[in-house]
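In what follows, chains carry the letters A, B, and so on, assigned in the order in which the sequence lines appear, proteins first and then strands, with residues in each chain numbered from 1. Keep in mind it's a predicted model, so treat the numbers as computed, not measured.
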Number of protein chains: 2
Amino acid sequence: MQTNNTTEQQIIAAARKIFVQKGLAGARMQDIADEAGINKAMLHYYYRSKDKLFEIVFDEAVSQLLAGVNDIFEKDMPAREKIVAAVEHYITSLNKAPYLPLFVVHEISQNPERILQKFSNTALLPNMRMFLKELAVEMENGTMRKVDPWQLMVSLISMCVFPFVGRPLLQAIFQVNDKAFAKTMEDRKKFITDFVLTSLKP
Amino acid sequence: MQTNNTTEQQIIAAARKIFVQKGLAGARMQDIADEAGINKAMLHYYYRSKDKLFEIVFDEAVSQLLAGVNDIFEKDMPAREKIVAAVEHYITSLNKAPYLPLFVVHEISQNPERILQKFSNTALLPNMRMFLKELAVEMENGTMRKVDPWQLMVSLISMCVFPFVGRPLLQAIFQVNDKAFAKTMEDRKKFITDFVLTSLKP
DNA sequence: GTCTATAGGGTGATAGAC
DNA sequence: GTCTATCACCCTATAGAC
């Protein structure tokens, strides 16, 4: 409770940067120590092992990635407005942490049990399920064109998230620089909502 | 020219499996040797170093991922039919190699120069650029609703590729098993084309 | 061409002085 | 709490016998 939690936070910040950048297998404890400007032994003093440290960073990343989404679908809004809000929220959020999705997805693929058990034991994203039902009701009422709600949901996530995951590849293919890419993602909010809502017109 | 190229091919096949599964940093030469059922020293005898071996596997993966796409956009077809053909081709192709996109995207993010120079020195996907212009022409003529062709292109790629990249995450969130996922991807072909073409109606 | 043995350098983790 | 020194192991790569 004196000044020590500063060091702990410095370590976490450094670990976050290195792990997200290089992944669990590619990261070195020395890299993290250098980034934090401290000694390698301190990492073990505070966090015992590389795996323990990684787990903290990873869990935090998953939370950050899902944070807010559930809240949006919980609100009392028409389905169309939830779509607009979700796209706005997601792209804004990802523009601030563009490397998170690839990090999380890669580490899950390396160790699927890690997340599967984390999700299967929880009341998982119930609001998202509710949202799928709201879509189904609108389609039944004829206020929205009938499509598979699950496929629609996956498409929304895909259109928002993939450009960040595939960013280096997209920039290479279309020869877009960093500045243009960032601007394009801002424009993309309007594109996605218009594109999707137009397709869903009854 | 006797029976030796068999060993080389065995090595490549093993390296492909291990590298795609674990990535460059996570893969061990011993893993590859075990997978190929040969000795670790043989890997160096045939391919000098881990990096050389990796580069072969990686280049092959990039080619496989882009193969066919250019051809489709080259054909003499209306833009709408090219969209249908591209979605059909991409999802079929990815269903056969579902882990390729994540592998390639992750390794590019670890070493962006690797692919950037590969692309910048080539006449790159000129047919895709041509396709963007075809879309622009149709929109100008009023036979297609006006949207940003680049954003449309990125959306098509996103909707096709992302489900494979985010597969473990999607399955965890929506609690879908492997069998259901595979079927869903087949259904997705029709969903995407209908969804996109509906949105593009003038 | 294929194997065993080993060099040479890194890596996570700990011991122990301060 | 923080550092230096070091252990024990792992990994790539090569040397050398067959």
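Computed from coordinates, the B:Lys40 NZ to C:dA5 C1' distance equals 11 Å when rounded to whole Å. Taking atom CZ on B:Arg48 and atom P on D:dT12, their separation rounds to 16 Å, with Å as the unit. Atom pair B:Glu8:CD and C:dG1:P shows a separation of 8 Å (rounding to whole Å applied). Rounding to whole angstrom units, CG of residue B:Asp51 and P of D:dT12 are separated by 10 Å. Separating the CD atom of B:Gln10 from the C1' atom of C:dG1 is a distance of 13 Å, rounded to the nearest angstrom. B:Arg28 places its CZ atom 17 Å from the P atom of D:dC9, with the value rounded to the nearest Å. Distance OH (B:Tyr47) to P (D:dT14): 16 Å, rounded to an integer number of Å. Counting to the nearest Å, the C1' atom of D:dC3 and the CD atom of A:Gln30 are 13 Å from each other.
The shortest distance between side-chain heavy atoms of A:Met159 and A:Val196 falls below 4.5 Å. B:Asn127 places none of its side-chain heavy atoms less than 4.5 Å from the side chain of B:Asp71.
Under 3.5 Å, the side chains of B:Asp31 and B:Gln21 contain no donor-acceptor pair of N or O atoms.
Residue B:Met42 is in base contact, counting any heavy-atom pair closer than 4.0 Å across all strands shown. Using a 4.0 Å heavy-atom distance criterion, A:Ala27 is classed as a sugar-phosphate-only contact.
With ring centers used as reference points, B:Tyr99 lies 6.0 Å or more from B:Phe103.
Among the nucleotides D:dT4, C:dA13, D:dG1, the one closest to the side chain of A:Asn39 is D:dT4. The nucleotide whose nearest atom lies closest to any side-chain atom of A:Lys50 is, among C:dG12, D:dA13, D:dT4, C:dG12. Picking from D:dG1, C:dA13, C:dG1 the nucleotide with the shortest atom distance to the side chain of B:Tyr45 gives C:dG1. When each of C:dC3, C:dT2, D:dC3 is scored by its nearest atom to the side-chain atoms of B:Ile38, the top-ranked nucleotide is C:dC3. Relative to the side chain of B:Ala41, the nucleotides C:dA15, D:dA13, C:dC3 differ in distance, and C:dC3 lies closest. Listed candidates were D:dT14, C:dT2, C:dG12. Nearest to the side chain of A:His44 is C:dG12.
With values rounded to the nearest 0.5 angstrom, A:Tyr45 atom OH is found 12.0 Å from A:Ile38 atom CD1. In this structure, A:Met130 CE and A:Glu134 CD are separated by 5.0 Å, a value rounded to the nearest 0.5 Å. The CD1 atom of A:Ile11 sits 6.0 Å away from the CE atom of A:Met42 when rounded to the nearest 0.5 Å.
Between B:Thr7 and C:dT2 there is a side-chain N or O to OP1 or OP2 distance below 4.0 Å.
Interface residues of residues 12-23 of chain A facing DNA chain D, ordered by number: none; criterion, heavy-atom separation under 4.0 Å.
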